[in-house]
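The structure under discussion appears below in the form of structure tokens.
Numbering of ligands and ligand atoms starts at 1, following listing order.
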Amino acid sequence: MTYADVYRRSIEDPNGFWMEQAQGIDWVEAPSTALFSDNAPLYEWFKDAQVNTCWNAVDRHVEAGRGEQLAIIHDSPITHSTKGITYRELRDRVASLAGALRAKGVEKGDRVIIYMPMIPEALEAMLACARLGAVHSVVFGGFAAHELAVRIDDCKPKAIIAASCGLEPGRVVHYKPLLDGAIDAASHKPDFTVIFQREQEVAKLTEGRDVAWHTFQYGVEPAECVPVSGDHPAYILYTSGTTGQPKGVVRPTAGHLVALNWSMKGLYNVEAGDVFWAASDVGWVVGHSYICYGPLIAGCTTIVFEGKPVGTPDAGTFWRVIQNHKVKSFFTAPTALRAIKREDPQGEFLKEYNLKNLQTLYLAGERADPDTVKWAQEKLGVPVIDHWWQTETGWAIAGNPMGIEPMPVKIGSPTVAMPGYDVQVLDEGGHPLPRGELGAIAIKLPLPPGTLPTLWNAEARFRKSYLDHFPGYYETGDAGYVDADGYVYIMARTDDVINVAGHRLSTGAMEEVLASHPDVGECAVIGVSDPLKGQLPMSFLCLNKGSGRTNDDVIRECVALVRDQIGPVAAFKLACVVDRLPKTRSGKILRATMVKIADGEDYKMPATIDDPAILDEITAALTSVGYPRP
Ligand code: COA
Ligand code: AMP
């Protein structure tokens, strides 16, 4: 079958196509049909099935004779350790943890927050929830206590599972005080927390609330897999929107299983027994889909890597992991390759390792810039495949179907639409644009299985954010075009979301934090280009008169405030003080023009600008902090 055949079938006969793909999943009760349109434009998939995610990701591989195969390899250059966990061990560990959670009252539908670093126990916690039908919500370790508190109040977890600490190069991240601070700040209180004590830092437990990972499992009955209906939420994952309130993306159980299973072969070209590595973090969607669920559902060995592309200990660490663990398909963010390229432009480290098992490198999370793609192609000698997706979709919207029919790579394009995604480029009025023309990228409804059916407890926000602007379509928030061969090009966001080192951040959220500083009267945050991280947040602060504080003091406090309220991951360090912000006559801040000035690009004077002279002030302020960068 060619890609064109597969794609056409998925669009013309979605029911038939996805029912066929559903055969790759073990059902407790098989679905009678794939697509449920009765509540359109809210669509659901495999709703009348009964199934369990943990069974499909773990137990069934043991039953099929893969019990002794490694399910997880933990490779931690930070702690200088490597260990493997077989599918049989994983099943037993997850069943025991699930049994202990059940003994403390966690049931199907209860929410459980997971706040853990890159250790196998993070995956075990996710799978234990899945085993019980509990809905996990993993929170990235680089977020501050306030962000954790916001998520606690939104999803109201019965329990929180955390580690005592995370390890960043040269720094221990004290999770427990962050967790305690978040629980104190939140209105909702979990019944209990489970703390996995790492040897690098043993946290003090709060009596009556905190239990230790190992002790609370003593003597409990291991739990069996609990069947849930196809539309049951497998998890909630919060992502940045335009405001400080994150969006709780809901992942439906059955569609998630079917779509990820399809993608492992169709897109990543791996099968049971192969080693697959996504160098991301369990706190992001890439970690959910391709560190935890995807590779395990397909019976692969997945790698949990606790380290960085450079500095742990050097720019050869990725190549060492690929060699030592015989990685076949490798997935990372372009920013990671840029970091390696900057330290080792000639690829000297590559000479020390044998990468014969590596067949393909996949990139996603941000635009793959041509220089980085070419460097990787040349140095690694394997196809470098860009693919485009979002937390909301959970798997690729556009990619190169390496397991069906590899398509010629066009650098700058994440290639073609994946099955079930009817990708269209629309003008402002919602009319499809001809091939080659730039517009808003939207996906004709229904979205394929595995994508979000709604936002957690926020259906109105779901409709407003994604469905209302272009009726009949899902609005991606990305702008771009599709060329004459059907190749998709992603050029920019259409909203105030920025992408820093492959991390999606909200400038609106940062503005809310900055505005809370007593000396800040008004502010704006934009994303400026950065050669390493893609974008960095840059803020413009208008200070209240007469506070008597120096600009430097206020800036220092603002940087600390964002780190404290959002977290180090925001990488917020750039600020300049201005008297006023450029606005339209109706008061809208001209962020796009400010971005162009900061990036040193030509710009047209906006016709609606209130006072053109302000742009000179903005240019001067940027110059004073070294922008635009040469
Ligand atoms: N827990 C706590 N803090 C974290 C963290 C975590 N899990 N992850 C990152 N941070 C902190 C970092 O320590 C850093 O803090 P600092 O300001 O004290 O230095 C800050 O958040 C920014 O982190 P990051 O954006 O990851 O940058 P970095 O300086 O640590 O590393 C590179 C940057 C160059 C290594 C970057 O290219 C990279 O590879 N980042 C990860 C890319 C990635 O996997 N993205 C996800 C795509 S799916
Ligand atoms: P996230 O939800 O964190 O995965 O971020 C999704 C956003 O990252 C997308 O909407 C895009 O703006 C951007 N993105 C992800 N992958 C790519 C890619 N391959 N090319 C361009 N942008 C991408």
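Listed by first and then second residue, the ring-ring contact (aromatic ring centres under 6.0 Å, His included) pairs involving residues 402-421 are W395-Y421 (not counting sequence neighbours).
Nearest non-hydrogen protein atom to atom 12 (O) of ligand 2 is D478 OD1, 2.6 Å.
Residue-level proximity to ligand 2 for V497 is absent, since no heavy atom of it falls below 4.0 angstrom. Looking at H503 against ligand 2, nothing comes within 4.0 Å, counting heavy atoms.
The shortest N or O to N or O distance between G502 and ligand 2 is not under 3.5 Å. By the 3.5 Å distance cut-off applied to N or O atoms, R493 is counted among the residues near ligand 2.
Relative to the six-membered ring of F143, R151 meets both conditions, a distance below 6.0 Å and an angle of at most 45° to the axis.
Residue-level contacts of ligand 1 at the 4.0 Å heavy-atom threshold are F140, G141, G142, E168, R171, V173, A279, S280, D281, V286, K308, P309, A333, T335, A336, A339, A501, G502, H503, L532, K533, R563, P568, V569, K573.
Taking the charged nitrogens against the carboxylate oxygens, R556 and D552 have no contact shorter than 4.0 Å, which rules out a salt bridge.
Centroid-to-centroid, the aromatic rings of F349 and F318 stay 6.0 Å apart or farther.
For E348, the side chain to side chain donor-acceptor pair (under 3.5 Å) partners at least two apart in sequence or on another chain are K351.
With atom 1 (P) of ligand 2 as the reference point, the heavy atom nearest to it among N499, L237, T391, D386 is part of T391.
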When the side chains of residues 275-286 are checked against the rest of the protein, which donor-acceptor pairs come out under 3.5 Å, sequence neighbours left out?
residue: D281; atom: OD1; partner: G283; partner atom: N; Å: 2.8

